[in-house]
Each structure stands twice: as structure tokens, then as C-alpha cells.
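Quantities reported herein were computed from a predicted structural model and do not represent experimental measurements. Excluded from the calculations below are hydrogen atoms, water molecules and symmetry mates; all remaining heavy atoms, backbone and side chain alike, are included.
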Amino acid sequence: MNFILEATVKAVKHLYNTDIAAADINLQETRKEFEGQVTVVTFPFTKFSKKSPEQTGADVGTFLLDELVDVSGFNVVKGFLNISLADSYWIKQLYTEILPDSFAVAEPNGQKVMVEYSSPNTNKPLHLGHVRNNLLGFSVSEILAAAGYEVVKTNLVNDRGIHICKSMLAWQKFGEGETPESTGMKGDHLVGKYYVIFDKEYKKQIEELKAAGQTEDEAKKNAPLIKEAQSMLQQWEAGNEAVITLWKTMNNWVYTGFAETYKKLGVSFDKFYYESDTYLLGKDIVDEGLEKGVFFKKDDGSVWIDLTADGLDEKLVLRSDGTSVYMTQDMGTAQLKYNDYHMDKSIYVVGNEQDYHFKVLFTILNKLGKDGAAGLYHLSYGMVDLPSGKMKSREGTVVDADDLVNDMEQTAKDQTEAMGKVDGFTDDEKLQLYHTIGMGALKYFLLKVDPKKRLLFNPEESVDFQGHTGPFIQYTHARIRSVLSRAKITNAEITVKEIAAEERDVIAILTQFPAIIQTAAEGYSPAIIANYVYELAKVYNKFYHEKSILQAEDEEVKQFRLQLSSASGKVINKAMKLLGIEVPERM
RNA sequence: GCACUUGUAGCUCAAUUGGAUAGAGCACCUGACUACGGAUCAGGAGGUUAGGGGUUCGACUCCCUUCAAGUGCACCA
């Protein structure tokens with residue numbers, strides 16, 4: 001629609017002798033209830049036109065009508081100039097823009113972006129919260145790649161610390177040599193089981209100590225189990241061979257389990273970082289900060305940064321005993337990542353409970369003048385709540401990721417069978433189909449919502465398969481494929497003279513796709529893609545319902561509609577891919 | 001207590017970043033060519049955009065204020 005903007009700039013210059021920038025013009029889709037397809041908001045022009053909004057709109061509209069062959073008419077409602085574009089324009093769009101393979105393939109923009117997501121702890125299996133994280137991270141990566149970025153997907157695995165020692169210790173004490181092989185349990189679930197056991201036994205000890213007269217705080221500190229776990233962590237840091245071996249064994253169980261879950265979720269990574277490698281980093285940055293005077297040292301030797309001028313607090317960056325804290329590590333890891341990839345942007349997909357941490361981290365890196373600091377972004381997302389309240393791994397009130405995937409597949413199976421739509425599928429194809437539909441429903445459900453908002457998930461109510469859902473869009477695609485399979489389609493350009501409103505609407509929404517990708521990339525928002533592809537499916541369905549394709553008036557019209565359908569199917573497929581969702585040929 | 005985020009139809013979400021009469025889906029009601037695939041389409045009903053004030057041609061959007069919910073304020077990660 002740039003040509004409208006350019007012509008409007010020209011119109012304003014010609015009519016009112018005023019220079020305006022094309023970017024300042026408010027161009028929007030015309031609302032359904034009015035005639036036209038694009039609308040220029042002309043209120044802002046009244047400042048220099050010195051005329052009423054209506055008159056100003058009419059002036060500009062007349063100019064555009066004279067100037068542009070593709071403009072077939074206009075009307076003015078208040079300060080809104082609604083422009084109708086000729087059928088020939090839309091037909092041309094279909095053949096020159098949408099149908100070519102180059103459609104919505106962005107030129108590489110020469111920028112590199114890193115997306116860090118997932119970042120699990122290795123002491124328990126993934127749950128619904130991680131699912132949101134993984135789907136968001138993967139989808140944002142796909143969107144950025146489609147917008148022209150070179151994308152590096154990374155996973156920073158939190159593989160060390162007291163929480164893993166808890167699982168290790170409980171396994172040592174109560175595990176009786178259980179392994180994933182001996183129990184048939186997924187490795188991450190087995191390790192998670194011992195994390196829960198630790199917590200149960202630990203609580204028992206706390207109660208005993210309290211009964212013996214200790215306060216809650218004392219009991220928590222003095223319980224033998226927690227002391228053992230702490231000493232195990234110290235042994236790990238000291239490099240104790242037995243501890244390290246156990247740690248490696250159990251971590252490997254977890255990794256095998258995670259790999260399976262990642263595969264089911266359809267997410268992947270280009271690079272793994274491990275905290276066991278990075279937890280000591282960052283101390284040289286502390287030195288650097290002290291030299292530059294960004295940090296200061298207190299009498300006890302601890303190092304701090306004063307961010308009160310930035311509306312934040314004083315923050316510790318190094319303990320008095322010289323060991324690192326979370327912030328130290330993250331500064332170091334940020335440096336490591338930058339050294340490895342020299343990316344222009346770095347996105348952290350992390351829950352909103354860490355908003356403050358990342359605000360501080362980014363402020364520090366900027367103050368230190370670090371390369372790439374300007375490109376840091378925290379993609380913060382809300383928690384997933386259950387009707388019963390928060391999910392807590394230790395108390396077992398979580399929606400497990402693997403269970404969830406299985407449930408979704410089961411629901412997809414039930415629904416599909418109830419509709420009797422499995423004729424002609426082999427058993428393998430059925431399983432594949434249930435997976436595609438179930439995951440389509442789940443992914444769409446989680447991604448259509450603005451990441452910032454917290455999400456309520458009710459496991460009692462199955463995720464919908466009708467209406468504003470993934471399967472609705474998948475169904476639209478399957479139906480398009482079905483029609484296309486019943487006719488021979490030519491590649492030739494068809495010379496239809498005029499098109500129906502339903503056809504024009506489909507073309508109009510298709511032309512928006514490249515711009516939608518850019519907007520979604522700028523806002524790191526899969527929800528924008530999700531809502532777009534839903535609109536597209538709806539507009540297509542309306543066309544499909546109103547106009548017969550295979551029984552069209554004549555062969556030309558039939559071919560035109562087939563090509564329009566083919567283009568719609570491709571864009572649906574592509575858009576859904578950006579969400580990490582597959583679309584089936586049949587369902 | 002302080003800081004950040006959120007609050008839109010009974011429920012789940014939109015609203016082109018300040019534009020038109022605030023739109024969809026679910027649920028509820030009514031209809032659709034003897035199905036190019038009905039997981040569809042058309043229609044009805046449902047709103048003081050949490051409350052109040054302000055800014056302007058124009059506010060769900062920006063500012064102030066009150067309320068509600070969530071999260072964060074460790075020499076934990």
C-alpha cells in the first residue's frame with residue numbers, strides 16, 4: 001500500500017503546500033460496514049488544510065482518484081477517507097505478489113539475533129509453564145527468521161545447584177539402584193520423583209525437630225537432609241569424583257527425557273549452554289566494573305552497583321567471600337554468548353517473576369558499555385495458573401508436559417473418531433494425525449494470547465477444537481487441499497475482469513501477510529500471527545461457502561478460484577509453521 | 001510498605017499502538033443450497049472497556065487517583 005502513502009504525500013504537498021512523511025500517515029484497513037478497502041485518516045491534515053475534515057478528505061480523495069489508475073473510487077465519512085481499489089488491482093496483486101514463491105520471503109536483513117528459551121532445571125520434568133516458554137521461544141525464533149534475521153536458538157541448562165543435589169541425595173538414600181531402564185520410567189520423571197521424595201522426608205525431619213522444641217527456621221536449617229545436600233554441593237564444587245559421577249548419570253537420565261519431550265513439542269536448539277560451565281564466569285566483569293567506577297566495594301569486600309538514580313536499588317554483584325551470585329553469572333554468560341556469536345539482538349524468554357532481575361542485568365551491561373547491550377530484550381510472559389491455584393512441583397500440583405501432550409492426543413482421537421473421519425488412514429497416519437491436531441489445539445491455545453498476560457488453564461475442560469482454535473485453521477487447510485486434489489490447476493495467469501467481494505477480501509488479507517510477519521517480529525509476538533491466520537481462515541471460509549469452485553460459471557473463473565485457494569492454503573501453512581503448528585492434508 | 005504487570009460480554013481472547021457504531025470464539029437461541037469436507041457458514045441476544053477525574057477534533061489505549069488480582073523486593077538460582 002506504499003503507493004497510496006506516496007500519492008497522499010504528493011496530494012498534501014500539491015493541495016496544501018505542506019511536507020509530511022509517509023510514515024506519519026495513518027493508513028488502515030477499511031471497516032467492513034463501509035465501502036472501500038483502505039482508509040486514510042485525514043483528521044491530522046485539517047491543521048494545515050484549514051478546512052473541515054469532510055472537505056479535506058474529499059480533496060485528497062479527488063486527487064488520488066485522478067492520480068492513481070488503481071483507485072476506482074472513494075467516499076468520506078467524517079475524517080475518514082475510504083478508498084476503493086479496482087478489481088484489476090487486486091487481481092494483479094494475486095499474480096504478481098502472492099502466487100510467486102518469493103511471497104512473504106524476507107530478504108536477509110544482515111542482523112543476527114539470539115533467542116534463549118526453555119532453560120530448564122535438571123531435577124524435575126517439564127510442566128505446563130515450561131511448555132508455554134518453549135512454544136513462545138520456538139515461535140518467536142521462527143518469526144524472526146521469517147522476518148529476515150539470522151537466528152540462533154539457545155538453551156541455558158541449569159544443571160547444577162542445591163536442587164539437583166536434593167534429587168541425587170534422595171536417590172542415594174531411597175533409590176535402591178533404580179534406573180530408567182529398571183523402572184521403565186522416563187529419566188526426567190524418575191529424577192523428579194526423588195526430588196519430591198526429598199521434600200517429603202525433609203519436611204518430616206522439620207516436624208520432628210519442631211516437636212523437639214526448635215523453631216521453624218531453626219528446624220529448616222538443622223534438618224540432617226538439608227545439611228547433607230549442602231555438603232554434597234560443596235563436594236561437587238570441590239570435584240569429588242563419586243558425586244560428579246552420580247551427577248553426570250542422573251543429568252543424563254534427565255537429558256534423555258527432555259529430548260523426548262522437546263521432540264514431541266516440536267522445538268529445537270542450535271546451542272546448549274550449561275550452568276556448570278558458566279557459574280564461575282563474570283568475576284572479571286566485576287573487576288572491569290570496579291575499574292570503570294560503575295561498581296563499588298563495601299568494607300566487608302562485597303561488590304555492589306548503585307542503581308537508585310535509575311529508579312532501582314543497590315544490587316549485590318559479588319559476595320564478600322568473593323563468590324558469584326546469580327547476577328554475576330548472568331553478566332558472565334551474556335559476555336560469553338556475545339563472544340561466541342556477536343549477535344545484534346539477544347532475547348531472553350523468561351517468566352515475568354524475573355522482570356526485575358533482567359531490568360537490573362540490562363542496566364548494568366549498558367552502564368558497562370558492553371557491545372550488544374543495546375540489543376538485549378527480556379521476553380517476559382505470565383504464569384500459567386490452574387483453577388486450583390499455582391503449580392508447585394514439590395507438592396505435585398503440576399500439569400506435566402508429557403501427560404498434557406498425551407491428553408491432547410487422546411482428545412484429538414476421541415473427537416476425530418466421533419466424527420467418523422478416519423476412513424482410509426493407516427494406523428501410523430492416525431497416530432500422526434492425532435498428534436498434529438492435538439498439538440495444534442494446544443499450541444494455538446497457548447500462543448494466541450499476548451505473552452504478558454497470565455493464563456488460566458483448566459485441565460478439566462478440554463481445549464476446544466471449534467471456533468477460534470488451531471483445529472479450525474487446520475480444517476480450513478485440509479478442506480482447501482481436498483478441493484485442489486479434485487481438479488487440475490494451471491499455473492497460467494487467468495484474465496478475469498471482475499471479482500466478487502468475497503474473492504477480493506481473500507486477496508486483500510493475503511497481501512497483508514509480509515507486513516504482519518514484520519509487525520510480529522518487531523513485537524516478538526506469535527499472537528499477532530495467530531490472530532492473522534484465524535482471520536484469513538474465516539475470510540476464506542466465507543468465500544468458500546458463497547462461491548462454488550469446482551462448479552464455477554466457466555473454466556476461467558474455476559481456475560482463478562483454484563489459484564486463490566492454493567495461495568490461501570500456502571499462506572495458512574506458512575503462518576502456522578511460524579507458530580510451530582503443522583497443518584494436515586486431510587483430517 | 002515500595003516497585004512492576006494485569007483488569008474489556010457469563011467464560012476465553014481481539015481492537016492496525018490515539019481513530020469510525022469496542023470485535024471474535026465458547027456457552028445460549030434461530031436459520032443454511034438434499035454437503036466442491038457441517039471441526040463450516042449466516043443471524044439473534046449479550047458492554048458504563050474495574051470506579052472516578054483530566055488531556056483533545058477523537059481515549060480500551062496517554063496522565064492523575066481509588067479499587068482488585070498476580071509477581072518481585074536474599075551475600076538463593
Fill in the blank from the handout: Taken to the nearest whole Å, OH/A/Tyr544 to P/B/rA39 is 11 Å
Handout entry: d(NZ, A/Lys283; C1', B/rC75) in whole Å
Key = 13 Å
Exercise for the section: Check salt bridge (charged side-chain N to carboxylate O under 4.0 Å, His left out) between A/Glu522 and all other residues, then give those that pass, not counting sequence neighbours. Expected result: none
Problem - Reference residue A/Val286; test side chain to side chain contact (heavy atoms under 4.5 Å, CB included); the match among A/Met331, A/Met327, A/Lys297 - result: A/Met331
Handout entry: Contact residues, residues 49-58 of chain A to RNA chain B [heavy atom, < 4.0 Å]
Key = none
Exercise for the section: Just label B/rU55 as syn or anti from its O4'-C1'-N9-C4 or O4'-C1'-N1-C2 angle, using within 90° of 0 for syn. Expected result: anti
Problem - Span that lies between the P atom of B/rA42 and that of B/rC26, in whole angstrom - result: 11 Å
Exercise for the section: Pick base, sugar-phosphate or nothing for A/Ala487, based on heavy-atom distances below 4.0 Å to the nucleic acid. Expected result: nothing
Practice task
Ignoring hydrogens and angles, tell me if any N or O in the side chain of A/Ser139 forms a donor-acceptor pair with the backbone of A/Leu578 under 3.5 Å.
Solution key: yes
Exercise for the section: Answer yes or no: is there a donor N or O on one side and an acceptor on the other, between the side chain of A/His545 and the main chain of A/Lys542, under 3.5 Å? Expected result: no
Handout entry: Nucleic acid contacts - residues 300-312 of chain A versus RNA chain B, non-hydrogen atoms under 4.0 Å
Key = A/Asp300, A/Ser302
Problem - Side chain A/Asp450, main chain A/Ala527, donor-acceptor under 3.5 Å - result: no
Handout entry: Inter-nucleotide P distance (B/rA50, B/rU8), Å rounded
Key = 6 Å
Handout entry: Rounded distance in Å between the C1' positions of B/rG58 and B/rC73
Key = 41 Å
Exercise for the section: Examine distances only and state if a side-chain atom of A/Glu116 and a backbone atom of A/Leu156 form a donor-acceptor pair shorter than 3.5 Å. Expected result: no
Exercise for the section: Go through the structure and list residues passing ring-ring contact (aromatic ring centres under 6.0 Å, His included) with A/Trp247, not counting sequence neighbours. Expected result: A/Trp236
Handout entry: Rounded distance in Å between the P positions of B/rU61 and B/rA20
Key = 13 Å
Problem - Counterpart base for B/rA59, defined by Watson-Crick or G-U wobble contacts under 3.5 Å - result: none
Handout entry: Listed partners of A/Glu29 passing side chain to side chain donor-acceptor pair (under 3.5 Å), at least two apart
Key = A/Gln512
Could you pull out the protein-nucleic contacts involving nucleotides 9-13 of chain B (nitrogen or oxygen on both sides, under 3.5 Å)?
none

Problem - Interatomic distance at P, B/rA15 relative to B/rG7, whole Å - result: 11 Å
Practice task
Would you indicate what A/Thr416 reaches in the nucleic acid, counting non-hydrogen atoms under 4.0 angstrom: base, sugar-phosphate, or nothing?
Solution key: base
Practice task
Both distances under 3.5 Å, Watson-Crick or G-U wobble: report the partner of B/rA14, or none.
Solution key: none
Exercise for the section: Could you tell me whether the phosphate oxygens of B/rG37, OP1 or OP2, come under 4.0 Å of any side-chain nitrogen or oxygen in A/Ser482? Expected result: yes
Fill in the blank from the handout: Mate of B/rU5 across any strand shown (Watson-Crick or G-U wobble, both atom pairs under 3.5 Å) is B/rA69
Exercise for the section: Find the distance A/Leu316:CG to B/rC75:C1' and express it as a whole number of Å. Expected result: 5 Å
Exercise for the section: To the nearest Å, give me how far apart NZ (A/Lys166) and P (B/rA77) are. Expected result: 13 Å
Practice task
State whether a side-chain donor-acceptor pair under 3.5 Å links A/Asn541 with A/Arg479.
Solution key: yes
Close N or O pairs between protein and nucleotides 41-45 of chain B (under 3.5 Å):
residue	atom	partner	partner atom	Å
B/rC41	O2'	A/His545	ND1	3.3

Please tabulate, for side-chain N and O atoms in residues 481-488 of chain A, each donor-acceptor pair with protein atoms closer than 3.5 Å (sequence neighbours left out).
residue	atom	partner	partner atom	Å
A/Arg481	NE	A/Glu585	OE1	3.1
A/Ser485	OG	A/Ser482	O	2.6

Practice task
Kindly state whether the pair A/Tyr326 / B/rC76 counts as stacked, where counting means centroids closer than 5.5 Å and planes tilted less than 30° apart.
Solution key: no
Exercise for the section: Can you tell me the pairing partner of B/rA74 across any strand shown, Watson-Crick or G-U wobble, with both distances under 3.5 angstrom? Expected result: none
Exercise for the section: Specify the residues of residues 507-517 of chain A, ordered by number, for which at least one heavy atom lies under 4.0 angstrom from an atom of RNA chain B. Expected result: none
Practice task
Please report, rounded to the nearest Å, how far the C1' atom of B/rC76 is from the NZ atom of A/Lys315.
Solution key: 11 Å
Fill in the blank from the handout: Which of A/Tyr444, A/Tyr540, A/Phe472 passes ring-ring contact (aromatic ring centres under 6.0 Å, His included) with A/Tyr534? It is A/Phe472
Exercise for the section: Return the nearest nucleotide to the side chain of A/Lys452; candidates are B/rC36, B/rA77, B/rU6. Expected result: B/rU6
Handout entry: Geometric class of the A/Phe513/A/Tyr532 ring pair [parallel <30°, tilted 30-60°, perpendicular >60°]
Key = parallel
Exercise for the section: Check every strand shown and say whether A/Gln329 touches a base, only sugar-phosphate, or nothing at a heavy-atom separation below 4.0 Å. Expected result: sugar-phosphate
Only pairs under 3.5 Å count here: list side-chain donor-acceptor contacts from residues 500-509 of chain A, not counting sequence neighbours, and write none if there are none.
residue	atom	partner	partner atom	Å
A/Glu503	OE1	A/Ala500	N	2.8
A/Glu503	OE2	A/Arg561	NE	2.6
A/Glu503	OE2	A/Arg561	NH2	3.4

Problem - A/Asn123 side chain to A/Ser167 side chain, donor-acceptor N/O pair below 3.5 angstrom - result: no
Problem - Strand partner of B/rU49, provided both Watson-Crick or wobble distances fall under 3.5 Å - result: none
Practice task
Using a heavy-atom cut-off of under 4.0 Å over every strand shown, decide if A/Lys558 touches base, sugar-phosphate, or nothing.
Solution key: nothing
Exercise for the section: For B/rC29 versus B/rG38, give the span between their P atoms, rounded off to a whole number of Å. Expected result: 23 Å
N/O donor-acceptor pairs under 3.5 Å from side chains in residues 413-423 of chain A, not counting sequence neighbours:
residue	atom	partner	partner atom	Å
A/Asp414	OD1	A/Gln410	NE2	3.0
A/Thr416	OG1	A/Ala412	O	2.6

Exercise for the section: Report which part of the nucleic acid A/Glu275 touches: base, sugar-phosphate, or nothing (heavy-atom distance under 4.0 Å, all strands). Expected result: sugar-phosphate
Completion exercise
Ranking B/rG72, B/rG25, B/rG37 by distance to the side chain of A/Met587, first place goes to B/rG37
Exercise for the section: For B/rA22 versus B/rG46, give the span between their C1' atoms, rounded off to a whole number of Å. Expected result: 14 Å
Problem - Whichever of A/Leu318 and A/Asn352 has its nearest RNA chain B nucleotide further upstream toward 5' - result: A/Asn352
Problem - B/rG37 OP1/OP2 closer than 4.0 Å to side-chain N/O of A/Arg486 - result: yes
Sub-3.5 Å pairs of nitrogen or oxygen atoms, protein against nucleotides 19-22 of chain B:
residue	atom	partner	partner atom	Å
B/rA20	OP2	A/Arg31	NH1	2.8
B/rA20	N6	A/Thr39	OG1	3.0
B/rA20	N6	A/Asn82	OD1	3.1
B/rA20	N1	A/Asn82	OD1	3.1
B/rA20	N1	A/Asn82	ND2	3.4
B/rU21	OP1	A/Lys78	NZ	2.9

Practice task
Determine whether A/Phe48 and A/Val12 make a side-chain contact, defined as any pair of heavy atoms from C-beta on separated by less than 4.5 Å.
Solution key: yes
Problem - From A/Phe362, A/Tyr348, A/Tyr326, residue fulfilling ring-ring contact (aromatic ring centres under 6.0 Å, His included) relative to A/His357 - result: A/Tyr326
